[in-house]
Every structure is written in structure tokens, then in C-alpha cells.
There are 2 protein chains.
Amino acid sequence: MANLVEKKSKNNKVSLSQVARAAGVSTMTASRVLRGEGGYSEKTRIKVMEQVDALGYLPNRLATVFAGDQTSTFIGVSIPDLGNEVFAQVLEGIDRKLGTFGYQSVLGLTQHTQEEEENWIRTVLSWQPAGLILTGRYHSKRATEMLRNAGVPIVEIWDLNAAPLDMSVGINHFDSGFDMGRYLTSLGYKKIGYVGTSHDTANAATERLNGFCKSVDGAGGAVVKQLCLHDTANYYPGFYGTEQLLASTRDIECIFFQNDAMAFGGFQYCTAKGLSIPEDIGIAGWGDLPIASVMNHRLTSCHVPHLKLGQKAAEMMMASLTDEPVPTCVDIGFKLIPGATVLNARR
Amino acid sequence: MANLVEKKSKNNKVSLSQVARAAGVSTMTASRVLRGEGGYSEKTRIKVMEQVDALGYLPNRLATVFAGDQTSTFIGVSIPDLGNEVFAQVLEGIDRKLGTFGYQSVLGLTQHTQEEEENWIRTVLSWQPAGLILTGRYHSKRATEMLRNAGVPIVEIWDLNAAPLDMSVGINHFDSGFDMGRYLTSLGYKKIGYVGTSHDTANAATERLNGFCKSVDGAGGAVVKQLCLHDTANYYPGFYGTEQLLASTRDIECIFFQNDAMAFGGFQYCTAKGLSIPEDIGIAGWGDLPIASVMNHRLTSCHVPHLKLGQKAAEMMMASLTDEPVPTCVDIGFKLIPGATVLNARR
DNA sequence: CCCCGTTGAGTTACCCGTAACGTTCGGCTA
DNA sequence: TAGCCGAACGTTACGGGTAACTCAACGGGG
């Protein structure tokens, strides 16, 4: 008879009721044993656990979530891209911290587009996540609607967002650009260039540039040329972007880059062309990436605690899930790094 | 009466039956409309869709998977760490490709330990993923057991694995180390150092080192000193590791690093100490990271198609899920990059 | 006007685990 | 020894969605 063979369910997985049957108890008893909530004898526990081992039973958390008011342990995490070391570190901070609480990240790479983000949000919400962590503050209209109706905690990271959907942790990019502009102009720089990449949507880098321009303009300097490449914000675009910038505009005294990777690319271009840094031209980056730690000229940059930002986002999420009080908006802060790739005593 | 208010279920989410009730049809009809499988009139379709929009209904995929023979669209992806750019790129390749098929990565950072991996595997399997992509070929005994019983496709990446649990895509690390050793000795290098990091478990870097030593020894050279730091394989450890290496062993002619980030750190250290590269000392890395593209001396390295590797892993997973024929083992290949940080005409 | 095929829509059962409640039975007390 | 109590375990219903089946209405051909 086919009955003699414990038939696994169609997806070929062992279910609790099979374990129970094999152990000669009811599913409820098996359930109690597995959850260790008491109400069973030691003899029963052993019988059940033997069968768990024998059959290789793995609990089906889908069913658990489905059954009760429990929530899943998924946290949807959207990240623009991982080619940018900065975001890789943020993700690392998030996932590690979530892991310590027994939660998992469901990744979404949005490639800096709201459309991708919207699609991803729709999909990930259909999996009943316990919460969402989103990079950036700008979402499509429909995405915003879904997020409002989602009924799960949401942490928006990266951009400081005083009026978040739910919670927010980030830094004030405008201010960080502003501070850098003020710093460079205070050193005497007047004619400054910018090299970055453009994504069609407004983003943090845009805000930094805005803040930067504002302070430079206000201090009597000028951002004489802004180069926004259609490329990734990485080493090589920094390299050739600098080439383009210097080819079109001769008398630039200092270049502000979208991030450290691009700044390093620019640094290498200048060095290769025989320009001395900082004597001939100043270089400033942003983000304080690990590579800065081994450059022989400390890169002028802006330190952002990437890992900590990710961890904080995860902590806020967990706090919200356990109904602890959570601030709606946290400024994780940045720190300007004077560095040695700009001229300190310029006049 | 409370009935007048469409009460949302306890988790505050709109269910299909609520949509159906609001539209004045049965749940089954609403289900049919949402799946677009036909069997309903245009009038009905409109009624249902109106309520979907009005109530902001989002399908509950958990229930769908739970209900039937369908599988989830989760793919568990384990990655050692994201501080290492190489793995970040692999993950990017995986997630992007999975995304095009409507699948999501559930991330697991194993921190290079089998214990973390085992725990993660247990958890992620309980969520009924459609498949798993694992970095590395070494798993704990219990993990291996679980994986065998999981009944889902598994792709082991990074290490080439001729006898995988299910499928595998990677490169032959031993060979890549061997080739590098052969190349360096062919240039005349005899006394060679190595700087890397050690993780307690055997891993790909270890295999590269083994291959490297074998070919160097076989060619009459010697790996005079192997430094295995207890640190991350990043820029700064490359920097201070080189310092340690050169402090303890004077007459090293060339250093092979675990990866390009460390190699760059070493490069910077040497430059800072006034050593000319490649005249005074040779530098070789591994992985061909983006940073190599802007170095004024092309870094001697070994190119690995990280992104492509990730994509291939995702493709194999998808093929397996759609019952297409899939090779069990794919060698994605590597390519030695001679570069300019070693002396080509050394004698 | 009847029969039958087609179309539209409802009913039922099931997936897996858990909450809530029911049942059994051994042991202790009065 | 009857009565009671609680530990141990069983039964039922439920959650959201879908497959398979059933049923009703309608229109067209004979």
C-alpha cells in the first residue's frame, strides 16, 4: 500500500503533521514540543524530537506567519547600487545588525530609479515583510501610497528627512556640501570645478552640490564648471571626468568630486599629467572611503559613518517592531576632513 | 454597526475576500480577475479592479505559496562580507539578474564562518526559498545535510567545484595562484613574499596561495614569507602588512597579495617609503578591482569576471527552476594581467 | 419551444501551523 | 471512595489564496 510510505507533500517537504504521525502524537503536541512552550511530557518530547531528526524536519515559517498574527522576519532593504562602496558598507551595517536579531534582508537594487524602486516595493510588500529600509527620500507617487498603506515600519536612510514616512536616519547632504564649499573658499580657492555623475532623479549628491555651490557663491568664489557624467560614480569616471573638466576649463584651482572614488580617479589623472597636488590643483572628495587610509596625501573629504548608519537604521527598525520608543528622525552626522590634497596656506 | 466598516484583518492588511465583498463578487472571481486567467466578464473585471484600487489591495504572496504548488521567488544568497568589493560585485550581478526574472535575494553575510552559514541556511530554508546561492564550497556537516534535504536548486559559487551539491560556477583558484607564481618566476623573481588575511576555515584565498607556492617552488623560487593577518582583506591591512613583511624580511623582490585592495595598500606603502615600483620591488594583486583602472602603473593582477559570475549563478538558478538543462559545473575563467608593477625584463 | 453548449460565477477542499478550547486520566484530598 | 484538579494531549477552526468542481443563466439551432 502506498500508505506505508510516508509520502512527502508535493513540494517534497516534511510537514509537522508527518512528524506528529511518525511520533504517534497529534500535530498540536508536536507543535508544542517544537516551540518548547510546555504542556508535554519528557517522553513525548523525545519521541517527537527523534522523528524531527529522523525525517529532517525543518519548520515552515511561511505557515507560521500565515497562521497567526506573527510577522515575518524579512526586512526589505533597497539600495541604489553596490558598485558604490558606500552603499555596500551601509548594507553590511544593516544586514549584520538585523542578523543579530534574527531578521533577514531582502535586497532590492534600485539603480537610482524610482520606477525600479516602485516595482520592488510592490513585490517585496507582497511577501509581508516585517519592515522596510529604503535609501533616499524620493519615491514615486504610487510607491508612497503603497508605503503609507503598508502598515509596517519604514526607515528611510541616507538623506536626512525631517518629515519621513515613518522613521529616518541620515545626514544633511546639503550642509556637508556647504561646509566643504566654505572650507575650500576659506583656504582661498576661488575657481572651483565639480565632477560627479547625474541620475535623472534628485538625490543626495545633487543636494551636496547645491549646498556646495551656495557656500562657494556666497563666499565670492565660483563653481566655474560642473561636470555631470552619465556613468557610475567610480574611479574611472573620476579619472576621465577630470580630463574633460581640465580640457574645457583651464584655470581651475580645485575640484570637488561626488565621492572619494571619483576623487581618487581625479587624483591619479592629475598626478599622471604631472600636476602636483595640492600645489597645482586641489582635490576634495566625499565619503571617506577605506582607500583614503592608504593615500600618501590624506584625501580632503567628508567622513560619514556608513556602517554605523546602517546599524542605526536596523536598530530603529527593531525598536519599532518591539514597540519601543524611536525617534522619527536621526542625524547620524558627518565630519569634514581637511586632508592634505588642498593647499592649507593658499593666498 | 461595526459591519458597515470594512474591517481589515488583524495585521491591518486588505485581503482578497474584502475586495471581493466590496465588489460584490466571490473571492474566486476576484482571484481570477487578479490573475487574469479569464472566465469573467469585462463588467466584473472593472468592478473588481475598482475596488483593488480603492482599497489599495496588495496580493499576499505568502498565501499563494502556502496554498499550493507554487514556489516563492526568494533566492537565499550567502556572501562572506561586503567590505570586499569583489563580493559586492558578485552580489550585484546576482541580484540584478534575479531581478529581471522577478526574483529577490535574501541576503546572508556569513563572515567567513561555517557556523554563521549554517544558522543562516536553517533560517532561510524555513522561509521556503525557491533556491540558494552559496559562496564557497565548504559547509558544516549539518548544513550539508540540510542542503541535501532542501529539495531546492543550489548554486555554489566562487570556488570551482567539480562535485557540487547541485550546481556550481566559479574559478579555479589554485590554478590562478599557480599561474601568477609561474608568471612571476618566469620574470626572474626568486624571493617572493605573500600578504593576505587568514580565516580559520579553508577558502579560496588559501587555495590561491597553495597554487602560488607550488609553482614558485617548482620553478626554483621561494615564497620566503607568508603573512596572514587577522584582519579584513582591505587597503589598510595591505599597507601595514607590507610594512611588517618588509621589516622582518629584507631581501624580498616581489610581493603577491591576496587581492587588489591589499596590493594597492602595499603599493602605497612602498611608494611612501621611497621604493620604486617595479624597479625596487614588484607588486602583484588579484581580482582586478575597478581601482586598477586608474593606477598609473597598471597593477599586475588576475582578472575575474565578478559581475558575470554572479549573473551566471543567477541564470543557472533560473534555468534549473524552469527545468531547463543546466551544466552542473561552470568554470567562469580568469585572466592573468601582466601589468606594470612587476619588472618585465628582470634578470 | 426545447435542448445543449458556452460563459460567468459560486462552492468546497486544501496548503501548514497555531490559538482556543475540549477531553482524558492519574493522583491527591476530604 | 467520591470528588476535584490539573497535566498532557487531542480536536476544531482559522488565515489568504487557488484548483477543481458545480451550478445557473443565456443564446442559438433545430
Side-chain angles (χ1 to χ4, degrees), chain A residues 6-49 51-52 55 57-73 125-129 151, chain B residues 6-49 51-52 55-73 125-128 151:
Chain A
E6 278 296 341
K7 64 175 166 199
K8 299 187 174 185
S9 52
K10 49 191 153 195
N11 44 14
N12 199 34
K13 270 158 197 154
V14 185
S15 76
L16 183 60
S17 63
Q18 283 165 42
V19 172
R21 206 164 24 227
V25 299
S26 73
T27 50
M28 198 54 224
T29 298
S31 171
R32 278 189 277 250
V33 169
L34 277 157
R35 282 176 297 135
E37 52 109 91
Y40 48 83
S41 64
E42 178 62 12
K43 218 172 63 184
T44 306
R45 196 190 65 79
I46 290 173
K47 270 196 303 187
V48 172
M49 292 314 287
Q51 292 307 318
V52 165
L55 299 175
Y57 171 74
L58 276 181
N60 182 341
R61 300 273 270 117
L62 237 57
T64 308
V65 171
F66 186 63
D69 34 24
Q70 287 189 49
T71 162
S72 75
T73 56
L125 278 181
S126 74
W127 289 110
Q128 317 295 109
Chain B
E6 278 296 340
K7 65 175 167 198
K8 299 186 174 184
S9 55
K10 47 193 159 193
N11 44 13
N12 199 34
K13 270 160 197 153
V14 185
S15 75
L16 184 60
S17 61
Q18 284 165 41
V19 172
R21 207 166 21 228
V25 299
S26 72
T27 49
M28 199 53 224
T29 300
S31 171
R32 279 190 277 250
V33 169
L34 278 158
R35 281 175 297 132
E37 53 109 89
Y40 48 82
S41 65
E42 178 62 11
K43 221 173 59 184
T44 306
R45 196 190 65 78
I46 290 173
K47 271 196 300 185
V48 171
M49 291 314 285
Q51 293 306 317
V52 165
L55 300 176
Y57 170 74
L58 276 181
N60 183 341
R61 298 275 270 118
L62 236 58
T64 308
V65 172
F66 182 64
D69 28 28
Q70 288 192 46
T71 161
S72 76
T73 57
L125 279 181
S126 75
W127 289 111
Q128 317 296 108

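A note on names: the letters A, B, ... follow the listed sequences, proteins ahead of strands, and every chain is numbered from 1.
The nearest whole Å value for the distance from the CG atom in B/Leu62 to the P atom in D/dT18 is 13 Å. Atom P of nucleotide C/dG8 and atom CD1 of B/Ile46 are separated by 13 Å, given to the nearest angstrom. Here C/dC16 presents its P atom at 16 Å from CH2 of B/Trp127, a figure rounded to the nearest Å. Look at CE on B/Met28: it is 12 Å from C1' on C/dA13, rounded to the nearest Å. Regarding B/Arg45, its CZ atom lies at a distance of 13 Å from the P atom of C/dA9, rounded to whole Å. Following rounding to the nearest Å, A/Arg21 (CZ) and C/dC16 (C1') show an atom-to-atom distance of 12 Å. Rounded to an integer number of Å, the gap from NZ of B/Lys43 to P of C/dG8 is 11 Å. Rounded to an integer number of Å, the gap from CZ of B/Arg35 to P of D/dG17 is 11 Å.
For A/Ser15, the listed nucleotide lying nearest its side chain is C/dG17; candidates were C/dG8, C/dG17, D/dT11. Among the nucleotides C/dG10, C/dA19, C/dC16, the one closest to any side-chain atom of B/Val25 is C/dG10. Proximity note for A/Leu16 (side chain, C-beta onward) versus C/dG10, C/dG8, C/dG17: the nearest is C/dG17. Closest approach to the B/Phe66 side chain among D/dG17, D/dG15, C/dG8 is made by D/dG15 (side chain taken as heavy atoms from C-beta onward).
Checking B/Tyr57 against B/Arg32, the closest nucleotide of DNA chain D that is more toward the 5' end is the one next to B/Tyr57. When each of B/Lys47 and B/Ala63 is assigned the nucleotide of DNA chain C with its nearest heavy atom, B/Lys47 is the one assigned upstream, toward the 5' end.
Distances shorter than 4.0 Å separate none of the side-chain N or O atoms of B/Thr27 from OP1 or OP2 on D/dG17. Distances shorter than 4.0 Å separate some side-chain N or O of B/Thr44 from OP1 or OP2 on C/dA9. Neither OP1 nor OP2 of D/dG16 sits under 4.0 Å from any side-chain N or O of B/Ser17. Remark: A/Ser26 is in phosphate contact with D/dG10, judged by side-chain N or O atoms under 4.0 Å from OP1 or OP2. The side chain of B/Ser41 places an N or O atom within less than 4.0 Å of a non-bridging phosphate oxygen (OP1 or OP2) of C/dA9.
With contacts defined as side-chain heavy-atom distances shorter than 4.5 Å, the pair B/Leu58/A/Ser126 does not qualify. Within the 4.5 Å cutoff, the side chain of B/Asn60 has heavy atoms near those of the A/Gln128 side chain.
Residues A/Arg35 and A/Ser31 bring a donor and an acceptor atom of their side chains to less than 3.5 Å of each other. In this model, no donor atom of one side chain and acceptor atom of the other lie less than 3.5 Å apart for A/Arg45 and A/Ser41. Between the side chains of A/Trp127 and B/Thr73, at least one donor N or O sits under 3.5 Å from an acceptor N or O.
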